[in-house]
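Owing to the predicted nature of the structure, the values given are computational and were not obtained by experimental measurement. Computed over heavy atoms, backbone and side chain alike; hydrogens, waters and symmetry mates excluded.
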Amino acid sequence: DGFEVTMMAPNNRYVNDAKIAEAVAGMLAKINIRVDLTTMPKAQYWPKFDERAADIMMIGWHSDTEDSANFTEFLAMTPDQETGYGQYNSGNYSNAEVDQIVLDSARETDTSRRAEMLQKVEQILHDEAAFVPLHWQDRAWGARKGVHIDKIVNVMNFPYLGDL
């Protein structure tokens, strides 16, 4: 018979954010998951996100450090208001092993060992379906003739224009 969930998304933060949320709601309806969708401007959305005001919340993330631990600290660790860990974990996912590995990785100086630790975290998150990515935003870059942007776009598809 399915079930009902609430979903909130901004309508002016990400490219086509409201349309993406509407498409997700429509797709979920096809498998009998009824979605009560609310979209709103980002100024009103973020306080609602912090309240975890819906069952499904939209958030985009890119680590400013290019380190996967940045992602796991904020989005996958058990929410803890005192430490700030899990601050954006709106699904309230909690796994003590994940928390401990992420904390231990912050102290690990052997880069190979640290990479193994963070890969283990990623595997646990995958195996437990800690969250469900619904959309991946690709970026497109353009430049005028004579600007060779292909030489400065890094592996994350972000141009570093300081190299021009």
Side-chain angles (χ1 to χ4, degrees), residues 1-107 114-115 117-141 154-159:
D1 290 343
F3 57 93
E4 186 170 328
V5 296
T6 57
M7 179 178 184
M8 288 185 170
N11 59 19
N12 64 348
R13 168 61 182 94
Y14 308 107
V15 176
N16 294 320
D17 44 14
K19 289 180 182 179
I20 292 165
E22 290 168 7
V24 167
M27 290 177 205
L28 290 173
K30 291 181 180 185
I31 58 170
N32 290 328
I33 300 174
R34 294 172 302 284
V35 178
D36 179 9
L37 173 63
T38 303
T39 63
M40 63 193 72
K42 62 185 174 188
Q44 286 78 44
Y45 178 73
W46 293 118
K48 294 291 187 187
F49 185 95
D50 290 340
E51 293 171 19
R52 293 167 170 79
D55 300 311
I56 302 171
M57 307 290 291
M58 181 183 284
I59 188 169
W61 198 268
H62 177 82
S63 170
D64 52 357
T65 62
E66 302 297 335
D67 186 338
S68 68
N70 173 273
F71 170 84
T72 52
E73 285 175 16
F74 288 101
L75 296 172
M77 286 183 72
T78 302
D80 184 328
Q81 288 185 336
E82 196 173 296
T83 64
Y85 291 124
Q87 180 178 356
Y88 300 109
N89 176 353
S90 65
N92 293 311
Y93 170 79
S94 181
N95 180 313
E97 182 182 13
V98 166
D99 294 351
Q100 192 59 57
I101 296 170
V102 173
L103 292 173
D104 291 346
S105 76
R107 294 183 289 272
R114 186 169 185 273
M117 295 166 80
L118 294 173
Q119 288 168 356
K120 182 174 182 180
V121 166
E122 294 288 334
Q123 189 64 57
I124 294 168
L125 296 175
H126 173 271
D127 293 347
E128 294 187 352
F131 51 88
V132 180
L134 297 175
H135 174 71
W136 187 266
Q137 184 75 46
D138 284 325
R139 295 208 161 94
W141 304 102
N154 65 26
V155 297
M156 296 301 295
N157 195 28
F158 292 121

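Taking all atoms of both residues into account, the shortest heavy-atom contact from Ala69 to Leu118 is CB-CD2, 4.0 Å. Phe71 approaches Glu122 most closely through the heavy-atom pair CD2-OE2, 4.4 Å. Minimum heavy-atom separation, Ser105 to Met117: N-CE, 3.5 Å. What you find for Thr78 and Ser94 is that their closest heavy atoms are OG1-OG, 2.7 Å. Listed here is the closest heavy atom pair of Asp99 and Ala76: OD1-O, 4.5 Å. Between Thr6 and Ala54, the shortest heavy-atom distance links the atoms OG1-CA, 3.3 Å.
More than 12 heavy atoms of other shown residues, nucleotides or ligands fall within 6.0 angstrom of atom CD in Glu4.
Contacts of Tyr14 classified as ring pair (Phe, Tyr, Trp, His ring centres under 6.0 Å), with partners at least two apart in sequence or in another chain: none.
Counting heavy atoms from C-beta on, the side chains of Thr39 and Pro10 never come closer than 4.5 Å. The side-chain heavy atoms of Ile59 and Leu75, taken from C-beta on, include a pair separated by under 4.5 Å. Here the side chains of Tyr45 and Met8 are in contact, with some heavy-atom distance below 4.5 Å.
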Could you pull out every donor-acceptor pair under 3.5 Å between side chains of residues 22-36 and any protein atom, sequence neighbours left out?
| unit_1 | atom_1 | unit_2 | atom_2 | d |
| --- | --- | --- | --- | --- |
| Arg34 | NH1 | Asp1 | O | 3.4 |

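To the nearest 0.5 Å, atom CE of residue Met57 and atom NZ of residue Lys48 are 9.0 Å apart. Note that NZ of Lys19 and CG of Asp17 are 10.5 Å apart. Values are rounded to the nearest 0.5 Å.
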* **Worked check of side chain to side chain contact (heavy atoms under 4.5 Å, CB included) between Asn89 and Met77** => CA-CA 7 Å; Asn89 176 353; Met77 286 183 72; over 6 Å; no
* **Pair Arg114-Asp67, salt bridge (Lys or Arg N to Asp or Glu O under 4.0 Å): steps then yes or no** => CA-CA 11 Å; Arg114 186 169 185 273; Asp67 186 338; 2.8 Å; yes
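Side-chain atoms of Asn12 never come within 3.5 Å of backbone atoms of Pro41 as a donor-acceptor pair (strictly under, hydrogens ignored). With hydrogens and angles ignored, the 3.5 Å screen pairs a side-chain donor or acceptor of Asp80 with a backbone N or O of Thr83.
Legend: ring-ring contact (aromatic ring centres under 6.0 Å, His included) pairs involving residues 76-98, not counting sequence neighbours, sorted by first then second residue: Trp61-Tyr88.
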